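Here the structure comes first, spelled out in structure tokens, and everything after it is commentary.
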Amino acid sequence: MRSSFVALSRTLRSTNMAGSILPCSLASVSFPSTSSVSAVPEITDEETLKNLRTAAAALRNNELVAFPTETVYGLGGNALAGSSAIKKIYTTKGRPSDNPLIVHISSTSQLNSLVDPALKATLPISYPILMDKFWPGPLTLLFPTLPGELVSENVTCGLRTVAVRMPAHPVARALIALADLPIAAPSANTSGRPSPTTAKHVERDLNGKPDLTCILDGGNCDVGLESTVVSALGQKSSVKGKEKEVLQVLRLGGVSPEELQTCLVRAGLAEEVELQVATHPPSHTSTNGEDSRSDKSHVNGNGIIPSTPGMKYKHYSPDAKVILVRITSDATDPQLSKALSSFSHSKIGLLHLESTGLHAAVQAISKEVIPISLGSPRDFVSHAQRLFSGLRALDEADVDVILVECMEEEELGRTVMERLRKSAGNVEPVDVRI
Ligand code: TXA
Ligand code: MG
């Protein structure tokens, strides 16, 4: 097995495939239905099998591979202690060096190798329930680990926790299983840009990067937003003398707080576990966080962190300026034309909800509008799927400004609005009446 990987790695180097897109057929990859403990994929399409083997060999050779997940595309590298791949991930993305990475696994047996053995018996009571319900899927959980012994120190950035998720995308899971390695992977975009939801998005950002061996193309990502990051490793809460485990949502994502709460209630844990959604400091305006190791505000006494380092950076920004527009009957200054007065001669990109009237209203005022629908007003799943690809498509269309219609802040709509606020540089929406 090992020698065939070495042989494949040599072939890779000699054919110089840097950054090329390798297609994978999702339908040809399957896992036995009860296989989360040690998953072995079945791959029926020969080209897909060949491409997955090529990518797996590259990962074992400490090279980088971009791959699809159900949330967004990831930029993967070997996560284990001693790996030389992780530094390449930071350089390739231009990622601040204090922002730790999520480790992706294909089976629960891989999880065992990442968790500090001394603390395995004391893991939070909510974890087995959450993993059972949401894995494989867009939920990331923090575990205690031993950086430098179990995972690369560069994955955790000096923290004693590791963020782990089991992706549901068959190509991602098959790749990890074939490489037989836990794979560290941030979103495969240049830091600060909207996350990629197609292989072309990855190519647009990372093409020509010397450490990127290939991009596996598994089509459009289903969820379109990154995973939800949670931790129950922090302090407990005490209500009327009764201690409760606190499950903190550190980053909103593809699993909504409502879904987490429903899962806890159904498992009979509502009295034992309190769900909290963390609030975050505003983003830095720069993506250059090279010196931000001095910001230790996220480290508490036992080295377990109550928030997510990545939340403080500039995120999800297309090239064009983003302005959020909220239709509300409470608007004090209801004039859309006034809000758009400085853009009347601009090429306007519009991400709008269907049948709310904003599209028609903007078209009536502006000379050139490029509209993209996010879906009907309460179709939050569609908003999530179309958000990043919409922002990227409008950048490609070279618009001067992007107007985005706000949706209700419920379920996935809350995550989409959180991402949108960041895209808009944390400037609050303009309220208009139509
Ligand atoms: O869906 C996703 O999560 C995608 C796909 C590729 O899996 N990945 C992704 O990774 O969004 P990235 O690097 O863009 O975001 C990871 C987030 C960051 O906010 C980071 O600070 C946080 O997870 N994180 C990672 N390890 C952590 C840790 N040990 N403690 C707290 N936060 C952590
Ligand atoms: Mg990211």
Side-chain angles (χ1 to χ4, degrees), residues 65-77 79 86 89-90 93-105 114 134 136-145 147 151-169 171-173 175-176 182-197 201-202 205 216 218 221-231 233-234 248-255 278 280 283 287 289 292 295 298-300 303-317 384 388 415 418-419 422:
V65 169
F67 61 97
T69 83
E70 74 282 15
T71 58
V72 300
Y73 274 69
L75 176 65
I86 306 303
I89 293 180
Y90 286 88
K93 269 186 69 96
R95 182 179 176 98
S97 60
D98 71 341
N99 191 4
L101 306 177
I102 294 173
V103 176
H104 299 68
I105 56 172
L114 300 172
F134 296 108
L139 185 71
T140 298
L141 295 100
L142 261 50
F143 291 88
T145 192
V151 287
S152 160
E153 282 157 327
N154 298 316
V155 165
T156 67
C157 300
L159 301 171
R160 294 211 301 268
T161 54
V162 62
V164 183
R165 91 174 183 96
M166 188 190 291
H169 197 293
V171 171
R173 248 182 114 193
L175 174 68
I176 300 163
I183 300 298
S187 47
N189 51 294
T190 301
S191 261
R193 299 251 314 135
S195 297
T197 58
H201 294 162
V202 180
D205 277 19
L216 293 181
C221 300
D222 267 359
V223 178
L225 295 172
E226 301 83 348
S227 62
T228 302
V229 182
V230 298
S231 169
L233 301 178
Q248 267 204 307
V249 178
L250 303 178
R251 179 180 71 176
L252 292 166
V255 175
H280 300 284
S283 308
T287 54
S292 50
D295 172 12
H298 56 277
V299 179
N300 73 14
I304 302 291
I305 50 157
S307 83
T308 300
M311 300 304 286
K312 64 182 181 284
Y313 292 109
K314 179 186 170 206
H315 260 106
Y316 319 117
S317 305
F388 290 141
T415 310
E418 188 260 354
R419 303 297 197 264
K422 291 202 157 147

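In listed order, ligands and their atoms are each counted from 1. The figures that follow rest on heavy atoms only: side chains count, while hydrogens, waters and symmetry mates do not. Just so it is clear, the structure is predicted and the values come from calculations on it, not from any experiment.
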Does the plane of the ring in Phe67 sit parallel, tilted or perpendicular to the ring in His104? Use 30° and 60° as the thresholds. perpendicular
For Pro100, does its backbone N or O pair with a side-chain atom of Arg95 as donor and acceptor, under 3.5 Å? yes
Between Tyr90 (side chain) and Asp98 (backbone), is there a donor-acceptor pair under 3.5 Å? no
Please could you name the atoms of ligand 1 that Ser227 approaches to less than 4.0 Å, counting only its heavy atoms? 1 (O), 2 (C), 3 (O)
Find all atoms of ligand 1 within a distance of less than 4.0 Å from any non-hydrogen atom belonging to His104, and give their numbers and elements. 5 (C), 6 (C), 7 (O)
Is it true that Arg173 and Glu70 have a side-chain N and a carboxylate O under 4.0 angstrom from each other? no
Quick check on contacts: which atoms of ligand 1 are under 4.0 angstrom from a heavy atom of Pro100? 20 (C), 21 (O), 24 (N), 25 (C), 26 (N), 27 (C), 28 (C), 33 (C)
Side-chain donor or acceptor of Thr71 paired with backbone N/O of Val223 under 3.5 Å: no
Looking at Thr161, Leu101, Ile102, Val151, the heavy atom closest to atom 29 (N) of ligand 1 belongs to Thr161
Closest to atom 20 (C) of ligand 1 among Asn99, Thr228, Val164 (heavy-atom distance): Asn99
Between Lys93 and Ala188, is there a donor-acceptor pair closer than 3.5 Å when you use the side chain of the first and the backbone of the second? no
Can any side-chain N or O of Ser195 pair as donor or acceptor with the backbone N or O of Val72 at less than 3.5 Å? no
May I ask you to identify, for Thr71, whether its side chain, its backbone, both or neither come under 4.0 Å of ligand 1 on a heavy-atom basis? side chain
Would you find a donor on one side and an acceptor on the other, under 3.5 Å apart, between the side chain of Thr415 and the backbone of Gly253? yes
For a quick check under 3.5 Å, do Arg165 and Thr69 share a side-chain donor-acceptor pair by atom type? yes
Applying a heavy-atom cut-off of 4.0 Å, say which part of Ser187 lies close to ligand 1: side chain, backbone, both or neither. both
Can you name the atoms of ligand 1, numbered from 1 with element, that are less than 4.0 Å from a heavy atom of Ala163? 25 (C), 26 (N), 27 (C)
Identify which protein N/O/S atoms are less than 2.8 Å from the Mg ion (ligand 2). Ser187 OG
Hey, is ligand 1 close enough to Arg251 that some N/O pair sits below 3.5 Å? yes
Would you call Thr156 a ligand 1 contact, heavy-atom distance under 4.0 Å? no
So, does Thr145 use its side chain to make a donor-acceptor pair with the main chain of Val162 at under 3.5 Å? no
Quick test of your reading of the model: are Arg419 and Glu226 salt-bridged, counting only N-O distances below 4.0 Å? yes
Below 4.0 Å from any atom of ligand 1, is there a heavy atom belonging to Ala185? yes
